[in-house]
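Computed over heavy atoms, backbone and side chain alike; hydrogens, waters and symmetry mates excluded. Labels below follow one simple rule: chain letters A, B, ... track the order of the sequence lines, proteins then strands, and each chain is numbered from 1.
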There are 2 protein chains.
Amino acid sequence: MFSKACEYAIKACIFVAQSSIRNERVTPKQIAEEINSPVAFTAKIMQQLVKNNLVSSYRGAYGGFEIEKDRVAQISLSQIVSAIDGDKIFNGCGLGLDACSESHPCPVHHQYKTIRQDLQKLLDSTNLKQLALGIETGLSYLKT
Amino acid sequence: MFSKACEYAIKACIFVAQSSIRNERVTPKQIAEEINSPVAFTAKIMQQLVKNNLVSSYRGAYGGFEIEKDRVAQISLSQIVSAIDGDKIFNGCGLGLDACSESHPCPVHHQYKTIRQDLQKLLDSTNLKQLALGIETGLSYLKT
DNA sequence: TTTAATTCGGATATTTTTATCTTATTTATT
DNA sequence: AATAAATAAGATAAAAATATCCGAATTAAA
């Protein structure tokens, strides 16, 4: 469904959100430990998130990544997914046709559309604050 | 969502079903032309479908691929997807956790579960006969 | 001003997926 | 028996995704 990079990005964002709420910046190393991902690859992904303006970064000593507290509840999963995987999953044809549309549909177009829309609705309506809270209260986990 | 191989497999199966209903076997070349895919790669995928017992193959002159007429309506998209992509999409964790479950859920487990189930329901309930008919009647298309 | 801690950027390596090529095997027809 | 048409199987190639490494730039604090 999502690329590995995107899975890491989602988990990383949740952890950064959680830390940011506690006014703590985190490094790629801390993130990687927390979400069980390769450090350097995770760092690359963080750069993408910064470029896409979902996460803020601070260089130098006492630097790291954070998400402005006020924004935590405003950042949705769909923004993270779009930033890393693009919006093919929201717009693309289920069978990979370039020109799939209402008027020239692939065989699964109509069925697939429903799924896609449900997925988008879900990702739109799920934000980092909710997810961070879930971790914080022990309702869910970022690694096994 | 699906791998490219899986997208090809679905389209190929629909075309083979369509042909089989007309009592015609088809070659990888014909399939590739019809679904706009690379011939040799398509041939490999057909082999997998044969191994998974979804398609029958016949070697030698007048050979090719077919699906027994009686089975066309019995073969669902979920069977094709499972054969090519495995059932990670039906069972796997949305964030790639190995040990994601009701009692140890990832942050998106419950939301994701709904989507997964809807997808499975959809793929289970869509069969090759319906899809072939859609193409046959010009309601949908296998390529642009 | 030096140092240590950090992100950034580019180069490289590895693995997986996608794709091609070549040869062997099978089979209906002549 | 020979031939032509087909799938099967294995080797290889190319592209994309995943992952690592290293040096440069930045920054807070000592």
Side-chain angles (χ1 to χ4, degrees), chain A residues 1-12 16 19-20 23-33 35-67 81 83-86 88-89 92 95-96, chain B residues 1-13 15-16 19-20 23-33 35-67 81 83-86 88-89 92 95-96:
Chain A
M1 179 83 83
F2 306 127
S3 70
K4 219 135 217 278
C6 188
E7 293 176 357
Y8 294 151
I10 293 172
K11 289 185 272 195
V16 175
S19 306
S20 298
N23 298 303
E24 285 172 15
R25 291 178 183 162
V26 292
T27 66
K29 189 166 170 242
Q30 292 174 299
I31 298 172
E33 266 161 20
I35 72 174
N36 205 36
S37 65
V39 182
F41 190 48
T42 305
K44 286 286 183 218
I45 294 165
M46 294 314 294
Q47 287 185 34
Q48 283 190 71
L49 293 169
V50 169
K51 273 189 194 139
N52 278 271
N53 212 35
L54 296 173
V55 170
S56 308
S57 67
Y58 299 89
R59 287 180 162 197
Y62 292 78
F65 297 95
E66 70 172 48
I67 298 173
V81 171
I84 305 298
D85 281 351
K88 203 186 129 203
I89 194 152
L95 299 185
Chain B
M1 180 81 86
F2 306 127
S3 71
K4 218 137 218 278
C6 188
E7 292 176 359
Y8 293 150
I10 293 172
K11 288 185 274 195
C13 281
F15 176 57
V16 175
S19 306
S20 298
N23 297 305
E24 287 172 13
R25 292 179 183 161
V26 292
T27 66
K29 188 165 170 242
Q30 291 174 300
I31 297 172
E33 266 161 20
I35 72 174
N36 205 38
S37 65
V39 182
F41 190 47
T42 305
K44 285 287 183 214
I45 295 164
M46 294 313 295
Q47 287 184 34
Q48 282 191 71
L49 293 169
V50 169
K51 273 189 194 139
N52 279 272
N53 212 33
L54 295 172
V55 170
S56 309
S57 68
Y58 298 88
R59 287 179 163 200
Y62 291 79
F65 297 94
E66 70 173 48
I67 297 173
V81 171
I84 305 298
D85 281 352
K88 202 185 128 202
I89 195 151
L95 298 184

Side chain of [X] only, heavy atoms from C-beta on: which candidate in [options] is closest?
| X | options | answer |
| --- | --- | --- |
| Thr27(A) | dT7(C), dT20(D), dC21(C) | dT7(C) |
| Val50(B) | dA8(D), dT27(D), dA28(C) | dA8(D) |
| Ala61(A) | dG9(C), dA28(D), dA5(D) | dA28(D) |
| Tyr62(A) | dA29(D), dC21(C), dT18(C) | dA29(D) |

Whole angstroms only, please: what is the [atom1]-[atom2] distance between [X] and [N]?
| X | N | atom1 | atom2 | answer |
| --- | --- | --- | --- | --- |
| Lys51(A) | dC8(C) | NZ | P | 9 Å |
| Phe65(A) | dA5(C) | CZ | C1' | 13 Å |
| Ile45(A) | dC8(C) | CD1 | C1' | 15 Å |
| Leu49(B) | dT7(D) | CG | P | 13 Å |
| Phe41(A) | dT7(C) | CZ | C1' | 18 Å |
| Asn52(B) | dA8(D) | CG | P | 13 Å |
| Met46(B) | dA9(D) | CE | P | 14 Å |
| Lys4(B) | dT18(C) | NZ | P | 8 Å |

Q.
I'd like to know if Lys44(A) reaches the base of dA19(D) with its side chain, counting only an N/O donor and acceptor under 3.5 Å.
A.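 Not at all, since no donor on one side and acceptor on the other fall under 3.5 Å apart.
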Flag side-chain contact, heavy atom, 4.5 Å: [X] against [Y]:
| X | Y | answer |
| --- | --- | --- |
| Glu66(A) | Val26(A) | no |
| Ile67(A) | Ser56(A) | no |
| Ile84(A) | Ile10(A) | no |

Q: Would you mind telling me which residue lines up with the more 5' stretch of DNA chain C, Thr42(B) or Gly64(A), judged by nearest nucleotide?
A: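 Upstream on the strand: Gly64(A).
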Q: Verify, without hydrogens or angle tests, whether Lys11(A) (side chain) and Leu95(B) (backbone) share a donor-acceptor contact under 3.5 angstrom.
A: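 Indeed, once roles are kept as given, a pair shorter than 3.5 Å links the two residues.
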Q) Any side-chain N or O of Tyr8(B) under 4.0 Å from OP1/OP2 of dA19(C)? A)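 Yes, such a contact exists.
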Q) Quick one: is Ser57(B) getting a side-chain N or O under 4.0 Å of the dA8(D) phosphate, OP1 or OP2? A)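 So the side-chain polar atoms of Ser57(B) do come within 4.0 Å of the phosphate oxygens OP1 or OP2 of dA8(D), strictly under.
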**Q.** 5' priority, DNA chain D, between Arg59(A) and Cys6(A) [closest heavy atom]
**A.**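 By nearest-heavy-atom nucleotide position, the 5'-most residue is Cys6(A).
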Q: With Met46(B) as reference, evaluate Tyr8(B), Phe41(B), Phe65(B) under the side-chain contact (heavy atoms from CB on, under 4.5 Å) test and give the passing residue.
A: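 Single side-chain contact (heavy atoms from CB on, under 4.5 Å) partner of Met46(B) among Tyr8(B), Phe41(B), Phe65(B): Phe65(B).
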Q: Indicate, with a heavy-atom threshold strictly under 4.0 Å, whether Val26(B) touches base, sugar-phosphate, or nothing.
A: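 Sugar-phosphate contact only.
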